[in-house]
There are 2 protein chains.
Amino acid sequence: MKPAIPANTVERLSLYRRLLEAWLEKGTTSLYSHQIASMACVTPAQVRRDLMAIGYTGSPSKGYSVDALEESIGLFLGSDRVRKIALVGMGNLGRALTTYFTSRVPRFRMAAAFDTDPRKTGRVIAGCMVYGIEEIPRIIPAEGIRTAVLALPADSAQEMADRLVNAGIKGILNYAPVPLRLPADVFLENRDVTASLEKVAFFSGQPREGS
Amino acid sequence: MKPAIPANTVERLSLYRRLLEAWLEKGTTSLYSHQIASMACVTPAQVRRDLMAIGYTGSPSKGYSVDALEESIGLFLGSDRVRKIALVGMGNLGRALTTYFTSRVPRFRMAAAFDTDPRKTGRVIAGCMVYGIEEIPRIIPAEGIRTAVLALPADSAQEMADRLVNAGIKGILNYAPVPLRLPADVFLENRDVTASLEKVAFFSGQPREGS
DNA sequence: GTAACGCTGTTACTGTTTTCACAACACTCA
DNA sequence: TGAGTGTTGTGAAAACAGTAACAGCGTTAC
């Protein structure tokens, strides 16, 4: 994976876009880089460079046109179309994510969920149909899903990832607390909750349980 | 925040530690950097460098002693003591995180949760006592909690973060989809779910809803 | 005994990401 | 008109992260 655009930039663009949407509602027509920067808590130079990356150009006098920029970022990120997402692991986290996306982020649609637990399969949970694991090779290509979220225990994560990749998945957002070994052409983002908390706790300084 | 140790290294150390625990159970006494690297899906040089950062020294002939290294990382990360964590927002995500940590990661203890919803406050949910927001200034210092997790909607995130910081919180793991403006001495880690998914979807190549 | 091997610890390097700094330009206001 | 202000776009520099390379040294083989 050798992205022409840095992954961090993509993440920030997603944020800018959401911020711009709010300003669009308010009827603001243009914004300067330092205003966007202030909202996003980054430097103005960072904003300008990120926008340069997608080739969007503002005007020195007016700044950036809110609606044109919002549209440009949207086009770049492909947000003009609803994206189908697959979920593996309809546990607590899987349910929370599905509920969140379904109710708050219409751009992403949980098109299919998979779980090993027969009490969960064959039903609609949190607005998403839950299939058995063995359905992965059928559903993923049929639905044309390329992106998956892994929200399951450590022990089965690698196996499920392999199955997803075999079914054609090209990007995995991994919430399982294990590193995954994947082909180089599959994009992987690890969001290990324990590691995140460990990091924050570490930099929070010395905590203590006793006393 | 000017960490002597890179944040990425801390995250990897957390991972190494978990991997080592598994080997400890199996009775393995020593491992080479390339073995650890392989499990963690990083390069051997990276492993050696990370261990150098915490001052742990292996032996060229035996590699690293599994139990001594596990203990060293544990000491460095402060994992020898249980850490108390505060949670703000006992929604779906908050519940999932609490359940996960309570059942799987005993090193972190959800010591207190806070929520605005009066139907949730005053009760124990997912093994964690839920207090009203107004209790933050009382509970946080009383419990000596320095680390907090934010799992709530965008609109109230900044206000809750401010309250936490005023109560003495020094590190925040933010799952709310907004950037937070915090004093420089408070460590902040953003885990914006939408931005993560946007990134993965982007690098998954061209997805489509229609056809 | 000693040569060869393989690993660690560390330094030098490479590549990427972020910040800095400034030329170029539009607009304002006298 | 023309100086002054404030912004963008971008080259250059700095900071950072990760990789490669290698000296040093037990260990092993013979």
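A, B, ... follow the sequence lines: proteins, then strands. Residue 1 opens every chain.
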Discussion item. Between B/Arg107 and A/Glu198 (salt bridge meaning N to carboxylate O under 4.0 Å), is one present in this structure?
Written reply: yes
Distances for protein N or O near nucleotides 24-29 of chain C N or O, under 3.5 Å:
unit_1: C/dA26; atom_1: O3'; unit_2: A/Ser61; atom_2: OG; d: 3.3

Worksheet item: Which of residues 63-74 of chain A have a heavy atom under 4.0 Å from DNA chain C?
Response: none
Fill in: C/dT8 OP1/OP2 closer than 4.0 Å to side-chain N/O of B/Ser33
yes
Practice prompt. Answer with yes or no after comparing the ring centroid distance for A/Phe202 and B/Phe76 against a 6.0 Å cut-off, counting only values under it.
Written response: yes
Worksheet item: Quick one: are A/Asn174 and A/Glu189 in side-chain contact, heavy atoms under 4.5 Å?
Response: no
Discussion item. Could you tell me if the side chain of B/Thr98 sits less than 4.5 Å from the side chain of B/Arg95, heavy atoms only?
Written reply: no
Discussion item. Hydrogens and angles aside, do A/Asp50 and A/Tyr16 bring a side-chain donor and acceptor to less than 3.5 Å of each other?
Written reply: yes
Practice prompt. Would you kindly say whether B/Tyr175 and B/Asp192 are connected by a side-chain donor-acceptor distance under 3.5 Å?
Written response: no
Practice prompt. Could you tell me which non-hydrogen atom of B/Thr147 sits nearest to which non-hydrogen atom of B/Ile169, and how far apart they are?
Written response: N-CD1, 3.8 Å
Worksheet item: Which word best sums up how the rings of A/Tyr56 and A/Tyr64 line up, parallel for under 30°, tilted for 30 to 60°, or perpendicular for over 60°?
Response: tilted
Worksheet item: Can you list, by residue number, the residues of residues 47-59 of chain A that have a non-hydrogen atom closer than 4.0 angstrom to DNA chain D?
Response: A/Arg48, A/Arg49, A/Met52, A/Thr57, A/Gly58, A/Ser59
Item to complete: Would you indicate which nucleotide in D/dG18, D/dT7, C/dC7 comes nearest to any side-chain atom of B/His34?
Response: C/dC7
Worksheet item: Rounded to the nearest Å, what distance is computed from the OH atom of residue B/Tyr32 to the P atom of nucleotide C/dC5?
Response: 16 Å
